[in-house]
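Just the heavy atoms: all of them, side chains too, but no hydrogens, waters or symmetry mates, feed the values below.
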Amino acid sequence: LKFIAQRILNLKIDFNEKDIEVRNLYGLREKMSVINNTKSRKEMEKLLQIGDLTAEKGQKVSGEYKVAGTDLTVPVTLINGVGEGKTFLLTAGVHPDEYPGIQAALELKEELQPEMIDGAVVIVPMVNYSGTVQKFGYKLPADGKNMNKVFPGSPDGSPAEKLAWAIHLGILQYLNDVTVNSHTSK
């Protein structure tokens, strides 16, 4: 994963005035309109924001992303590099019993520093955080659903569907150029 992140972050992305080209949940490239029109383009390029977490250029910030309509939170680390470049998203722990991906994401979160990268890195080491903490196998404890089977989720669904929707809408669709979703084979 470290090698993949390093290779991807050396690539550049071109922005135009209105749209950003991103990769959606299914790996297809699509254009999304810039969401926050209250800030200038230059100000927006300097900020990396998910929920209440914001990292300016050259900053690394860790915290929790709150899932609307639930008691669920997801740990997130934002690493906003010193130079311009792509945004790389690493997720792990959709299935909480897949420990190697979770461990790799946690290690990368600790080792990567903003001065080491151009672009940005978003790390979600435990998408199913409550399942990881409760050692709940491969399902979300709140409703017993397999997170991998409910994407893109629903804002009005079960807790697993709301979590999938929050990850899909709040992180996958909005932020990233390249996504690696780590799973473990048994």
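- Considering only heavy atoms from C-beta on, V67 comes within 4.5 Å of V74 through its side chain.
- Nearest heavy-atom pair across P96 and G137 is CD-O, 2.9 Å.
- Atom CD of E98 and atom OG of S182 lie 7.5 Å apart (nearest 0.5 Å).
- Looking only at distances, a side-chain donor or acceptor of Q113 sits under 3.5 Å from a matching main-chain atom of E110.
- In terms of modelled atom types and a separation under 3.5 Å, the side chain of D118 and the main chain of G85 share no donor-acceptor contact.
- Inter-residue side-chain proximity for L89 and V180 is flagged as unmet; no heavy-atom pair is nearer than 4.5 Å.
- Looking only at side-chain heavy atoms (C-beta outward), L47 and E56 come within less than 4.5 Å of each other.
- Atom OG1 of T184 is separated from atom CD1 of I102 by 7.5 Å, given to the nearest 0.5 angstrom.
- Across every non-hydrogen atom of K145 and A160, the tightest pair is CB-CB, 3.8 Å.
- Contact annotation: the side chain of L72 approaches that of L140 to within less than 4.5 Å [non-hydrogen atoms, C-beta and beyond].
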Considering only distance and modelled atom types, tabulate donor-acceptor pairs under 3.5 Å from the side chains of residues 126-136, sequence neighbours left out.
unit_1	atom_1	unit_2	atom_2	d
N128	OD1	G131	N	2.9
N128	ND2	K139	O	3.1
T132	OG1	N128	O	3.0

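- Identified under the side chain to side chain donor-acceptor pair (under 3.5 Å) test for residues 60-70, with sequence neighbours left out: S62-T77.
- With sequence neighbours excluded, no residue forms a side chain to side chain donor-acceptor pair (under 3.5 Å) with N148.
- Between K162 and P155 the shortest side-chain heavy-atom distance does not fall below 4.5 Å.
- V150 shares a hydrophobic cluster with no other residue; no ILVMFWY side chain has heavy atoms under 4.5 Å from its own.
- Between Q59 and L48 the shortest side-chain heavy-atom distance does not fall below 4.5 Å.
- Looking only at side-chain heavy atoms (C-beta outward), F151 and I167 come within less than 4.5 Å of each other.
- Here the CG-CD distance, from L106 to E111, works out to 11.0 Å after rounding to the nearest 0.5 Å.
- Criterion: ILVMFWY side-chain heavy atoms under 4.5 Å apart, direct or through other members. Under it, I79 and M116 are part of a common hydrophobic cluster.
- Contacts of Q103 classified as side chain to side chain donor-acceptor pair (under 3.5 Å), with partners at least two apart in sequence or in another chain: E107.
- The backbone N or O of A120 sits nowhere less than 3.5 Å from a side-chain atom of N80 that would complete a donor-acceptor pair.
- For the atom pair I123 CD1 and L112 CG, the distance stands at 5.5 Å (nearest 0.5 Å).
- Listed by chain and residue number, nothing satisfies the salt bridge (Lys or Arg N to Asp or Glu O under 4.0 Å) test with K109 (two or more places apart in sequence, or in another chain).
- Atom CG in L78 sits 7.5 Å away from atom OG1 in T54 (nearest 0.5 Å).
- Using a cut-off of 4.0 Å between Lys/Arg side-chain N and Asp/Glu carboxylate O, E161 and K149 are scored as not salt-bridged.
- Closest non-hydrogen pair, P75 versus P125, comes out as O-CD, 3.5 Å.
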